[in-house]
There are 2 protein chains.
Amino acid sequence: MTEQSLAYGDRMPTIADVAREAGVAPSTVSYVLSGKRAISPGTRARVEAGIARLGYRPNAGARALASASTKIVALVAPLRTDINVPVIMQFVAAIALQCRARDYDVLLVIKDEGPEVLDRIVQGSMADALIVMDVEAHEPRLESLRGSGFPVVLIGVPETPGDFSCVDLDFAAAARVCVERLAELGHRDIALLGPTPAVYERGTSYALRFRDGFEAGAAEAGLRASVHALSPGHHEVEAQVDALLRDEPEVTGLVVHNEAALPALLTALRSRGRDVPERMSIVALCPDDIAEAQSVPLDAVSIPAADVGRRAVELAMGQLAGQLGGQELLPPHLQVRGSAAEPHRVEVTGRP
Amino acid sequence: MTEQSLAYGDRMPTIADVAREAGVAPSTVSYVLSGKRAISPGTRARVEAGIARLGYRPNAGARALASASTKIVALVAPLRTDINVPVIMQFVAAIALQCRARDYDVLLVIKDEGPEVLDRIVQGSMADALIVMDVEAHEPRLESLRGSGFPVVLIGVPETPGDFSCVDLDFAAAARVCVERLAELGHRDIALLGPTPAVYERGTSYALRFRDGFEAGAAEAGLRASVHALSPGHHEVEAQVDALLRDEPEVTGLVVHNEAALPALLTALRSRGRDVPERMSIVALCPDDIAEAQSVPLDAVSIPAADVGRRAVELAMGQLAGQLGGQELLPPHLQVRGSAAEPHRVEVTGRP
DNA sequence: GTACAGTGTCGAAGCGCTTCGACTGTCCCA
DNA sequence: TGGGACAGTCGAAGCGCTTCGACACTGTAC
């Protein structure tokens, strides 16, 4: 039962070869493989031996053609390098793993190609389902799929989800949790340091939801709050910190939604005498490993990439099985690590 | 000539539908699409109109089956989150873009599944070529493909490349360039701060080549040199910097091959009075944007991800066209930004 | 006027698989 | 003791495409 090593270029063995080898009909081999009909133990054994002996693997194209199912999930991912790269990667990893666990493969589609690409995939039957990451408030790309019945799962929530399944962290709730944490500690003036301006300009769904949640949470808690987009790069961050400290000196707590800027931000604050958490509190939205790797471990709501990815695949599979899924927002969890504390009201009390 | 919007679930139009619509034979439609035979302008126009009217897109599975070519490149990528994530992403982006430009799609395969996965892809005819990122010195996964004639391109160079095509930055030369830069400036004691120990333990090809190049370059230039793996995390980096400064106080120049640790490293050095570049020179190996975003912009050899990715796809396409490619190592380019300077021999001259 | 090379088009034969209906036994229960 | 139910297997049709050889023309050259 040694598996023959096949040179590519030799004709690959087909189901007919296996059938001949095992002395059965091709359809029987197919049924052994799919389990869709009962097979006697003896026959099964002979077929499996034949498969092993020939090193047979079913041809994906033929299978797709005959069964009208590709066992492929198309994953639409943004491959900008400006944002969030590690988080994107975590999503991709989680989704790929989940797909493999269900015997699906992943076709990678780069976002920011036009809608024709998706049509090509869907109408060319290149995949059985579509998972779209990083959805923006408006996604013209997806319009042609609306109501088509083709299984689509969005990671993120567009303005009009329609009948698309959506999964995501509840960014609005996450922002509220961050704000509430600062409010409980006694902060009265806070600021949101968000992603680069480009992200807002694109209308990126999660960034907007986080911002809106921040503003709503602050309003409810009666806090003064402002929002700032944070450009990356050490000098930019320093300049923006200076501007913030100058223009809004009362701010004692920051909510940061910008992983890339965190190291620079912490350095800038310390060098300006605003040590964290004594003289500036920070609550961040970022992956756990990033929160922990900072010079001051950060209180943070983590982005549950693995959970979101898993759920996205589950929803896709559900749709393949005929269920329809709605919007799912995963609840945020704040991990306290010590970067937020009660404010020292130095500016107010006066201090030598 | 309005393209009809198709509901998925409606039977998708086939080449036969288009043929009927245009009043020609299916094979004629096929030849219009492939351009493999001459077609009169009139017929072509009618066929194209029919295609547009029906919104026809060829079925990928059927096409693959009939033509024995999938128009898919399988990309084997590591999705660990411990290393190099942005760089990996740049490779993936570059490869995906290049593939699309050649009308190929990308099937994403996660590394660290067993060899059966690759066999499934190759023998199941799921892809026409394979690009493998992050290759290690020994890749048992690839053994079954050796000599098979299936187009394989490696990003990185294993110990025994055999007939696999390989592309990569010339990491050994890159290390030498870094060492030479420090040597020219007058440094005599240098250290390499490399990636996490796990990367060396895995036998990751590029890390080993960089290290070997570093040691060889230092030997040639007559420098004292040591090698240290750098664990990520702020505290680990601080501890390791302390150890270095204690155990090898004469070191005045660092070669850093560890993007993730750079912010922490710079912070640690400054807080220990070893400002860069005055009291410690640094030359790094990292992407340009990362080098520029540091608190001190770094002299760095960048990883030409886009070039490597492009070349990888070109080599894959070349193999599909019957050419065989060998190893290609791209020359390193050092970008000077001011993080390396002549050493102040403070420890030697004594200074108040 | 016949031969001959194109040129443009068609029909049919697969590519390798799944799946449906049909067929042959067995077994069990009426 | 006959018949239905069921397990196990087979053969053939067909999924939608590509591609090969054949065929009908149209010119052009002798």
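In what follows, every chain begins at residue 1, and chains take the letters A, B, ... in the order their sequences are listed. Bear in mind that the values here come from a model prediction, so they are computed numbers and not experimental data.
- A salt bridge links A/E139 to A/K111: one of the charged nitrogens lies within less than 4.0 Å of a carboxylate oxygen.
- Remark on DNA chain C: of its neighbouring residues B/A38 and B/S67, the 5'-side contact belongs to B/A38, judged by nearest-heavy-atom nucleotide.
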Donor-acceptor list for residues 62-69 of chain B side chains, cut-off 3.5 Å, not counting sequence neighbours:
{"residue": "B/S67", "atom": "OG", "partner": "B/R63", "partner atom": "O", "Å": "2.6"}
{"residue": "B/S67", "atom": "OG", "partner": "B/S69", "partner atom": "N", "Å": "3.4"}
{"residue": "B/S67", "atom": "OG", "partner": "B/S69", "partner atom": "O", "Å": "3.3"}

Please tabulate, one pair per line, all N/O donor-acceptor pairs under 3.5 Å involving side-chain atoms of residues 96-109 of chain A, not counting sequence neighbours.
{"residue": "A/Q98", "atom": "OE1", "partner": "A/R102", "partner atom": "NH1", "Å": "2.7"}
{"residue": "A/R100", "atom": "NE", "partner": "B/E113", "partner atom": "OE1", "Å": "3.2"}
{"residue": "A/R100", "atom": "NH1", "partner": "A/Y104", "partner atom": "O", "Å": "3.4"}
{"residue": "A/R102", "atom": "NH1", "partner": "A/Q98", "partner atom": "O", "Å": "3.3"}
{"residue": "A/D105", "atom": "OD1", "partner": "B/R120", "partner atom": "NH2", "Å": "3.0"}
{"residue": "A/D105", "atom": "OD2", "partner": "B/R120", "partner atom": "NH1", "Å": "2.7"}
{"residue": "A/D105", "atom": "OD2", "partner": "B/R120", "partner atom": "NH2", "Å": "3.2"}

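- In DNA chain D, runs of at least 3 stacked Watson-Crick or G-U pairs (N1-N3 plus N6-O4 or O6-N4, or N1-O2 plus O6-N3, all under 3.5 Å) give these stems: C:1-27 with D:4-30.
- Qualifying side-chain contact (heavy atoms from CB on, under 4.5 Å) partners for A/E159, counting only residues two or more places apart in sequence or in other chains: A/A137, A/H138.
- As judged by a 4.0 angstrom heavy-atom cut-off over every strand, A/L65 is placed among the base-contacting residues.
- Applying the side-chain contact (heavy atoms from CB on, under 4.5 Å) test to A/L324 and every residue at least two apart in sequence or in another chain returns nothing.
- B/A60 meets the side-chain contact (heavy atoms from CB on, under 4.5 Å) test with A/M126; sequence neighbours excluded.
- When each of A/G42 and B/R37 is assigned the nucleotide of DNA chain D with its nearest heavy atom, A/G42 is the one assigned upstream, toward the 5' end.
- Sequence order on DNA chain C of the closest nucleotides to B/A66 and B/G23 puts B/G23 first from the 5' end.
- Of the residues in residues 24-36 of chain A, those lying under 4.0 Å from DNA chain C by heavy-atom distance are A/S27, A/S30, A/Y31, A/K36.
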Let me check something: any side-chain donor-acceptor pairs from residues 26-38 of chain A under 3.5 Å, sequence neighbours excluded? List them with distances.
{"residue": "A/S34", "atom": "OG", "partner": "A/S30", "partner atom": "O", "Å": "3.2"}
{"residue": "A/S34", "atom": "OG", "partner": "A/K36", "partner atom": "N", "Å": "3.2"}

For residues 311-323 of chain B, please give each side-chain donor-acceptor pair under 3.5 Å, one per line with the distance, not counting sequence neighbours.
{"residue": "B/R311", "atom": "NE", "partner": "B/E328", "partner atom": "OE1", "Å": "2.7"}
{"residue": "B/R311", "atom": "NE", "partner": "B/E328", "partner atom": "OE2", "Å": "3.3"}
{"residue": "B/R311", "atom": "NH1", "partner": "B/E314", "partner atom": "OE1", "Å": "2.5"}
{"residue": "B/R311", "atom": "NH2", "partner": "B/E328", "partner atom": "OE2", "Å": "2.8"}
{"residue": "B/E314", "atom": "OE2", "partner": "B/R310", "partner atom": "NH1", "Å": "3.3"}
{"residue": "B/Q319", "atom": "OE1", "partner": "B/V152", "partner atom": "N", "Å": "3.3"}
{"residue": "B/Q319", "atom": "NE2", "partner": "B/V152", "partner atom": "O", "Å": "2.9"}
{"residue": "B/Q319", "atom": "NE2", "partner": "B/S165", "partner atom": "OG", "Å": "2.8"}

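- With sequence neighbours excluded, no residue forms a side-chain contact (heavy atoms from CB on, under 4.5 Å) with B/A45.
- Residues satisfying the salt bridge (Lys or Arg N to Asp or Glu O under 4.0 Å) test with B/E116, not counting sequence neighbours, are none.
- On the nucleic acid side, DNA chain D has its first and last nucleotide under 4.0 Å of a heavy atom of chain B at D/dG16 to D/dA22, going 5' to 3'.
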